[in-house]
Amino acid sequence: MLLIVLAYLGGALTILSPCILPVLPFVFSRADQPFVKSGLPLLAGMGLTFAVVATLAAVGGGWVTQANQYGRWAAIVLLAVFGLTLLLPGVAERVMHPLVSAGNRLTAFAQRGDGKPGFGGSFVLGIATGLLWAPCAGPILGLVLTGAALNGASAGTTLLLLAYAAGAATSLAVALLIGGRVFAAMKRSLGAGEWVRRGIGAAMLLGVVAIALGLDTGVLARVSTVATSGIEQQLVDKLSDKNNGAMMMSAKPANNGAMMRASTEPPKSANPAPLPVEGTLPSLDGAVQWLNSPPLTKEALRGKVVLVDVWTYSCINCLRTLPYVKTWAQKYRDQGLVVIGVHAPEFAFERNVDNVKQAIHDLGIDYPVAIDNNFAIWRALNNQYWPAHYFIDAQGNIRYHHFGEGDYAHSEHVIQQLLAEAGHGAAPSMSMTSKSADDAIGEGAMMQADNTDMRSPETYIGYERAEQFMSPGGETRDRLHDYAAPKALDVNDWGLAGPWKVGAEHATLEGTKGRIVYRFHARDLHLVLGPSKDGKPVRFRVSIDGAAPGASHGSDVQADGSGTVTEQRLYQLVRQTGTVADRTFTIEFLDPGVEAYAFTFG
């Protein structure tokens with residue numbers, strides 16, 4: 001219920017967002033008509049269309065996005081004709097008779113034969129408006145859409161999107177009612193009915209132009225006169241606190257690192273109370289494949305203490321927990337602990353089992369890994385985070401969970417407590433590995449984050465979740481565009497330079513050279529990258545404030561800044577050795593085809 005309220009409030013806040021500007025003229029075109037018979041069906045059609053299209057786009061793949069693009073262009077033409085009939089009814093009738101006749105028929109359909117508004121026509125106009133509406137993706141909408149993509153098609157997914165659309169419709173309805181009274185007063189006092197109609201027609205045509213040029217999803221998505229994202233984040237935080245941190249997806253960059261999915265749960269005490277039963281270990285049959293082990297079942301695991309680690313291999317927060325998980329797996333194996341990694345992919349390339357095999361080899365993971373490409377185990381656990389740890393006792397009951405990084409000492413105490421309950425005796429006093437966890441955490445990307453001086457959040461390159469993109473003109477969706485680097489960057493601003501094609505999830509370099517620039521504040525900078533589609537390596541060169549990184553190079557970069565993208569994974573590009581300050585990071589790719597997904601920091 002809290003999520004529905006949150007989605008509704010997020011939708012209501014869209015009236016304060018600049019992304020609503022291009023569709024306002026379409027809404028106000030019915031301002032001089034009775035609200036119940038005209039404005040209400042328009043808003044209903046707009047909200048319903050948005051909810052349906054957003055649900056399909058979140059769970060249905062690329063074909064839905066392409067089909068929606070066709071629908072958007074059809075709606076653009078339809079509303080342009082409608083706006084033209086309002087603006088220039090006489091001239092347009094002579095110059096563009098066929099199109100204007102269609103517009104007049106549309107206007108007639110939107111009204112009954114007596115010239116009064118009709119429900120059906122307004123509803124059709126609402127559907128067209130809904131196809132064009134692209135709200136700014138603030139924390140709340142990002143939370144809802146990401147949850148829809150991960151949890152699959154369901155009544156809950158559609159209900160949340162309907163709640164978001166209903167919130168937007170409510171705020172627009174208030175504006176429409178106020179606007180209707182203003183227009184009525186203008187008509188009575190000034191006799192300006194014809195000019196009002198023409199003004200609305202001109203505004204509609206400007207809105208059509210803005211949407212056709214992508215300004216609704218580019219420039220306007222970055223320019224906000226009111227900090228709606230801050231308001232939304234406060235709502236997320238307050239409701240998260242009331243729900244003990246168990247929101248569907250936290251949109252907040254946590255203090256423990258730029259998590260793929262950040263946990264807001266506080267650390268537990270080192271001296272825990274008796275562990276309650278939180279549930280039971282669900283079936284593991286949903287795994288599409290098992291690595292390092294034959295398929296495991298919950299029945300076969302009875303009598304064992306089990307740690308389930310939900311992770312994905314390009315997640316920096318998952319990587320930083322791995323030294324501890326690997327140490328526990330080896331340290332307590334002979335006492336009856338079984339560690340199971342449940343690999344639930346975030347990016348499409350993480351669904352490739354060969355990529356996962358290579359990753360667990362490189363990371364030195366020797367315990368069983370279940371490939372959860374369909375998120376079957378994820379949903380069975382009612383999980384919402386990467387990484388997530390579930391601790392199961394010998395009877396198959398979930399006794400404890402922890403989301404995100406940190407609290408490692410308490411997690412190990414839980415393991416020891418469950419082993420003692422199972423009668424497996426005292427744990428060894430020293431690790432049986434050649435290196436302790438404290439040694440392992442200093443290596444590469446698995447080194448623990450410098451949380452005391454990290455001000456940059458996880459940043460996605462694909463337009464679906466991109467924020468603070470500052471190249472002139474914004475991101476052009478799903479087609480090649482020659483970008484220019486921003487002339488000036490504030491902290492956490494970034495941009496592209498060169499010929500890139502930006503998709504929902506990642507950007508692909510379509511030319512021989514291209515750059516990404518980012519103004520950051522953190523000790524470490526990582527970037528999830530992949531080579532060209534044909535697998536050819538892509539050379540790159542990194543610079544910090546215009547110079548080679550030197551001693552501040554990451555584990556995947558030489559001191560002179562050179563490196564090569566050879567596989568789809570997270571690359572550590574910067575590890576500053578000196579004072580952490582605002583720096584401008586630049587990576588220049590020297591070969592075509594590289595795919596860039598997301599920045600993370602530490």
Side-chain angles (χ1 to χ4, degrees), residues 253-263 291-292 307-330 339-347 349-352 355-367 369-372 383 385-389 402-408 411 433 435-451 454 456-460 520 522-530 553-557 563 565-576 596-602:
N255 289 332
N256 61 347
M259 294 191 65
M260 294 285 185
R261 299 289 175 266
S263 168
L291 305 178
N292 293 340
L307 168 59
V308 174
D309 174 24
V310 182
W311 71 300
T312 186
Y313 80 81
S314 74
C315 163
I316 184 60
N317 310 93
C318 302
L319 294 177
R320 288 197 286 248
T321 64
L322 273 181
Y324 297 94
V325 176
K326 289 163 57 180
T327 295
W328 297 333
Q330 296 184 37
V339 175
I340 299 174
V342 174
H343 188 271
E346 178 179 29
F347 297 117
F349 67 80
E350 291 173 311
R351 295 178 177 273
N352 186 319
N355 286 347
V356 182
K357 288 180 179 178
Q358 184 63 48
I360 66 173
H361 174 269
D362 294 342
L363 295 169
I365 296 173
D366 59 2
Y367 49 79
V369 174
I371 304 298
D372 193 27
N383 185 57
Y385 302 98
W386 289 289
H389 297 150
H402 181 264
F403 300 143
E405 301 176 52
D407 203 22
Y408 299 113
S411 293
T433 59
K435 288 189 177 183
S436 70
D438 289 338
D439 293 330
I441 61 177
E443 299 177 355
M446 289 185 280
M447 182 175 181
Q448 299 306 287
D450 179 10
N451 296 320
M454 183 173 64
S456 292
E458 181 175 27
T459 302
Y460 291 90
F520 75 103
R523 184 194 66 201
D524 301 343
L525 180 147
H526 316 92
L527 184 55
V528 179
L529 297 167
H553 68 91
S555 59
D556 292 301
V557 180
V565 179
T566 57
E567 56 190 338
Q568 294 168 314
R569 62 176 177 87
L570 179 143
Y571 289 78
Q572 186 186 74
L573 303 177
V574 174
R575 167 157 291 162
Q576 297 192 67
Y597 290 81
F599 284 96
T600 58
F601 300 89

*asked:* Whether the side chain of Gln576 engages the backbone of Asp524 through a donor-acceptor N/O pair (distance < 3.5 Å, no angle test) should be reported.
replied: no

_Side-chain heavy-atom pair Tyr460, Tyr597 within 4.5 angstrom cut-off_ = no

*Gln568 and Tyr313: CA distance, side-chain angles, deciding distance, side chain to side chain contact (heavy atoms under 4.5 Å, CB included) verdict*: CA-CA 10 Å; Gln568 294 168 314; Tyr313 80 81; 4.1 Å; yes

*Of all residues at least two apart in sequence or in a different chain, which pass the ring pair (Phe, Tyr, Trp, His ring centres under 6.0 Å) check with His526?*
none

*How far apart are the closest heavy atoms of Phe347 and Ala598, and which atoms are they?*
CZ-CB, 4.0 Å

_CG-CG distance between Asp309 and Leu322, expressed to the nearest 0.5 angstrom_ = 6.5 Å

*Contacts of Trp311 that satisfy ring pair (Phe, Tyr, Trp, His ring centres under 6.0 Å) - sequence neighbours left out*: His343

*asked:* What I'd like to find out is whether the side chain of His553 reaches to under 4.5 Å of the side chain of Arg575, using heavy atoms alone.
replied: no

*Hey, could you give me the CG/NE2 distance between Asp407 and His389, rounded to the nearest 0.5 Å?*
11.0 Å

*Quick check: does any side chain N or O of Thr459 sit under 3.5 Å from a backbone N or O of Pro457, one acting as donor and the other as acceptor?*
yes

*Asp362 and Glu567: CA distance, side-chain angles, deciding distance, side chain to side chain contact (heavy atoms under 4.5 Å, CB included) verdict*: CA-CA 12 Å; Asp362 294 342; Glu567 56 190 338; 3.9 Å; yes

*When rounded to the nearest 0.5 angstrom, what distance separates OG in Ser314 from CH2 in Trp386?*
9.0 Å

*Can you tell if the side chain of Phe599 reaches within under 4.5 Å of the side chain of Val528, non-hydrogen atoms only?*
no

_With heavy-atom distances below 4.5 Å as the criterion, would you say the side chains of Asp366 and Lys326 are in contact?_
no

*Identify the two heavy atoms, one from Met454 and one from Asn451, that lie closest to each other, and give their separation to 0.1 Å.*
CE-OD1, 3.8 Å

*Considering only heavy atoms from C-beta outward, does the side chain of Tyr571 approach that of Val565 to under 4.5 Å?*
yes

*If you measure only the distance, is there a donor-acceptor pair under 3.5 Å linking the side chains of Gln572 and Asp556?*
no

_Determine whether a donor-acceptor pair (N or O, by modelled atom type, separation under 3.5 Å) exists between the side chain of Asn317 and the backbone of Gly404._
no

*asked:* If you define the side chain from C-beta out and look only at heavy atoms, does anything of Asn383 sit under 4.5 Å from Phe403?
replied: yes

*Taking every non-hydrogen atom, the tightest pair across Asn292 and Ile365*: ND2-O, 3.1 Å

*CZ of Arg320 to OH of Tyr408: how many Å apart, nearest 0.5 Å?*
8.0 Å

*Rounded to the nearest 0.5 Å, what's the gap from OG on Ser456 to CG on Leu525? Could you check?*
8.0 Å

*asked:* Let's go through Ile340 and Leu307 carefully: what are the C-alpha distance in whole Å and the side-chain angles of both, what is the deciding distance for side chain to side chain contact (heavy atoms under 4.5 Å, CB included) to 0.1 Å, and is it a yes or a no?
replied: CA-CA 6 Å; Ile340 299 174; Leu307 168 59; over 6 Å; no

*How far does CG of Leu319 sit from CD of Glu405, to the nearest 0.5 angstrom?*
9.5 Å

*Just checking, Arg351 and Phe349: is the charged tip under 6.0 Å from the six-membered ring centre and within 45° of the axis?*
no

_For a quick test of reading the model, state the closest non-hydrogen atom pair linking Val356 to Glu350 and the distance between them._
CG2-O, 3.5 Å

*Heavy-atom closest contact (Ala344 atom, Val310 atom, distance)*: CB-CG1, 4.4 Å

*asked:* Please determine whether side chain to side chain contact (heavy atoms under 4.5 Å, CB included) holds for the pair Ile316 and Phe601, giving the CA-CA distance in whole Å, both sets of side-chain angles, and the decisive distance to 0.1 Å.
replied: CA-CA 8 Å; Ile316 184 60; Phe601 300 89; over 6 Å; no

